[in-house]
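First listed ligand is number 1; within each ligand, the first listed atom is number 1.
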Amino acid sequence: MDLSYTDEEKAFREEVRAFLAEKLPKEVSDKVRAGVSLGKEGHDDWHATLNEKGWLAFSWPREFGGAEWNAVQRHIFEEECALAYAPRIVPFGLSMLGPVLQKFGSKAQQDYFLPRILNGAHWWCQGYSEPGAGSDLASLKTRAVRDGDHYVVNGQKTWTTLGQYANWIFCLVRTDPEAKQQEGISFLLIDMETPGIEVRPIVLLDGTPEVNEVFFDNVRVPVENLVGEENKGWTYAKYLLTHERTNIAGVGFSQAGLDAVKRIARIESAGGRPLIENPHFAARLAQIEIDLMAMATTNMRIVSQASAGQAPGVESSMLKVKGTIIRQEINDLTRRAVGPYAMPFASEAIEGDNDPIGPDYAGPVAAQYFNNRKLSIFGGSNEIQRGIIAKVKMGG
Ligand SMILES: Cc1cc2nc3c(=O)[nH]c(=O)nc-3n(C[C@H](O)[C@H](O)[C@H](O)COP(=O)(O)OP(=O)(O)OC[C@H]3O[C@@H](n4cnc5c(N)ncnc54)[C@H](O)[C@@H]3O)c2cc1C
């Protein structure tokens, strides 16, 4: 296994850097750096910039308008974007639904939906979780009953990220309540404009309405919006989750976060000296840096295996656990670095209209700390990942 970059890969990194230097507006990267929300328009603009270059759907096959990058190219791109504070690509259409439609969708679904994901006409959200179905997703209860050439959908989804911006939602629904849990589920594409849908915001710990509840009351969905076969939705749902868990280690985000906390710790002081020279603080910083270096190496090992055609196994669970712990540790250390200035936090900081009481960099620190508690919950909670690791490695 070769963990060093080839000349082509190094040249590709330079190309990505040059693109970001030219096309990423400073006011946008400043917002991302400060943890300020971009709103729908900000995300749409960045998607359009990437789409123009042909880099928006970087993992899609070329036949569907993608760049068909290999695992190393994807890793380089995501790392450079994080280091440049580029907005994250919103994943719901591009890295979740797109691959499902390409593998299991009808030709008509591919022709209609895929171009609209690329050109931004459709903003998708993910309707998997329900109040009684999170880790135990197969116990979901939202019901779809066939009525002529429609399904009638009743039930509730929850934690629907950015559902307030979405005009389409892909949903797991129960079509056969008699079958064994996983076998009675179907995968439906639902237009959010359909009568009977209500979206209600959930305000998170950081004060922002990033997630929602979505209610369905006799919502009529044309049968042509069923993906694949009825009652086979669990297979498609699992396939989607393997794509949801890409870039799971988030090495670039951690690297950028670490750089930021070091910058702050050189400015802030403790006992008359720069905070970065405080032995306790420096030890914690060093420990995070060591953990990050170790994880980055593991990540490269897995990226290298993936580009050689090997599907990542339990290692992706390890990266999820370690990657999210490191990011949360960095958030915690940053909060400590700004000390009492993290206290007068207001959710407006994340919307960009808060006057920080302390230095500029302190404004969003508490909001970021609270917001990133989510990292160890979604995409399969860390406890669930530990269960998977134990089962595979220890045969539990
Ligand atoms: C910010 C945020 C955004 C989200 N966005 C979306 C979205 O867009 N669409 C969507 O469908 N879902 C979304 N989710 C939902 C997410 O997938 C679920 O929160 C997650 O699967 C956990 O489910 P739960 O919240 O029901 O917790 P539960 O499953 O009830 O778990 C509660 C606790 O028990 C632990 N636990 C559960 N089972 C086990 C077990 N077998 N062994 C050990 N520990 C266990 C969990 O780790 C957790 O700590 C989002 C969640 C968050 C926080």
What part of S381, side chain from CB on, backbone N/CA/C/O, both or neither, has a heavy atom under 4.0 Å from ligand 1? side chain

Does T161 approach ligand 1 within less than 4.0 angstrom via side chain, backbone, both or neither, non-hydrogen atoms only? both

Kindly write out the residues that satisfy salt bridge (Lys or Arg N to Asp or Glu O under 4.0 Å) with R373, not counting sequence neighbours, or none if the list is empty. none

Run down the list F92, W124, W159, Y128 and name the one with the heavy atom closest to atom 51 (C) of ligand 1. W159

S129, C171, A166, A390: member with heavy atom nearest to atom 10 (C) of ligand 1: S129

Going by distance only, is there an N or O of [X] that falls short of 3.5 Å from an N or O of ligand 1?
{"X": "S135", "result": "yes"}
{"X": "D136", "result": "no"}
{"X": "Q126", "result": "yes"}

Is the W123 ring parallel, tilted or perpendicular to the Y165 ring (thresholds 30°, 60°)? perpendicular

F187 and F170 aromatic ring geometry - parallel, tilted or perpendicular at 30°/60° bounds: parallel

Which heavy atom of N218 sits nearest to which heavy atom of N154, and what is that distance? N-OD1, 2.7 Å

Holding to side-chain contact (heavy atoms from CB on, under 4.5 Å), I want the full list of residues that pass it with Q73, two or more places apart in sequence or in another chain. F12, W69, N70

